[in-house]
Amino acid sequence: MNLIPTMNSNELVADISEILISSEEIDERIRSMGAEISADYANQRPLFVGVLKGVLFFMADLLRSITIDVEVDFMAVSSYSSETRDQGLVRLVKDLETPIAGRHVIFVEDVVDTGLTLNYLLRNLTTRDPVSLEVCTLFNKPKHRLIDIPIKYKGFDLPDQFVVGYGLDHRERYRNLPFIGILQEDAVYSS
Ligand code: IMP
Ligand code: MG
């Protein structure tokens, strides 16, 4: 059963000026990423680590496209002020429940933008001695990158534009849109 509401019954669609990536394109890309990861990690039971909340939809769909034994865990970080963000500082509000020493870890992200948050979290996880630590992101914004981060699995490059949908929010809204779209200007400034 397809639970995704049709476009014209979705009240959020009125706030979108352009659809950049359709839900069908997202599904297809995730299926092929899942196949690639399943082949690379056969018999290794990797631990998938995600940062709440944006990764929610990607993690759920990616894991269902994976055909090997896996585990999953989540972290949460506080939203940062613009000053601390520039220094790449984030506060861990929820840590992993799983020890990662000796594990193969796949760090799953919704979008890598400046790379500052991810860099901080990867350094933190590296100190815990995983056997391997790779990054898998659905969306990548190369134009904004401030720190070079090796990305092993990448879904799509995005233009240098603010987008919403498929987990990505504007002030906590629009995460549940099944596609990636650009917000109408008046929706950006309304609450
Ligand atoms: P950075 O890589 O440290 O700059 O942080 C990436 C985070 O910024 C993501 O996890 C998102 O929460 C947020 N972000 C970056 N670009 C967008 C966007 O276009 N829409 C919504 N959130 C975004
Ligand atoms: Mg956000």
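The figures that follow rest on heavy atoms only: side chains count, while hydrogens, waters and symmetry mates do not. One-based numbering, in listed order, for ligands and for the atoms of each.
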Exercise. Any idea which atoms of ligand 1 are less than 4.0 Å away from a heavy-atom of Q161?
Worked result: 19 (O)
Problem set entry | Option of least heavy-atom distance to atom 6 (C) of ligand 1 (set: V51, D169, V111, V112) | V111
For this session: Report yes or no: does a heavy atom of D110 sit under 4.0 Å from some atom of ligand 1?
Result: yes
Problem set entry | Residues D95, R128; criterion salt bridge (charged side-chain N to carboxylate O under 4.0 Å, His left out); working and verdict | CA-CA 12 Å; D95 202 348; R128 307 182 196 187; 3.0 Å; yes
Problem set entry | side-chain contact (heavy atoms from CB on, under 4.5 Å) involving D186 - partner list, sequence neighbours excluded | Q184
Exercise. Are any of the N/O atoms in V163 less than 3.5 Å from those in ligand 1?
Worked result: yes
Exercise. For the residue pair Y153 and Y41, does the interplanar ring angle fall in the parallel (under 30°), tilted (30 to 60°) or perpendicular (over 60°) class?
Worked result: tilted
For this session: Could you tell me which atoms of ligand 1, counted from 1 in the order shown, lie closer than 4.0 angstrom to a heavy atom of T117?
Result: 1 (P), 3 (O), 5 (O)
Problem set entry | Salt-bridge criterion met for D73 and R103 (N-O under 4.0 Å) | no
Problem set entry | Residue pair V49 / L133, side-chain heavy-atom distance below 4.5 Å | no
Seminar exercise, completed: ligand 1 to K141, heavy atom cutoff 4.0 Å, flagged ligand atoms 16 (N), 17 (C), 18 (C), 19 (O)
For this session: Considering the heavy atoms of G115, write down every atom of ligand 1 situated less than 4.0 Å from one of them.
Result: 1 (P), 2 (O), 3 (O), 4 (O)
Exercise. What pairs with K143 under salt bridge (Lys or Arg N to Asp or Glu O under 4.0 Å), at least two apart in sequence or on another chain?
Worked result: none
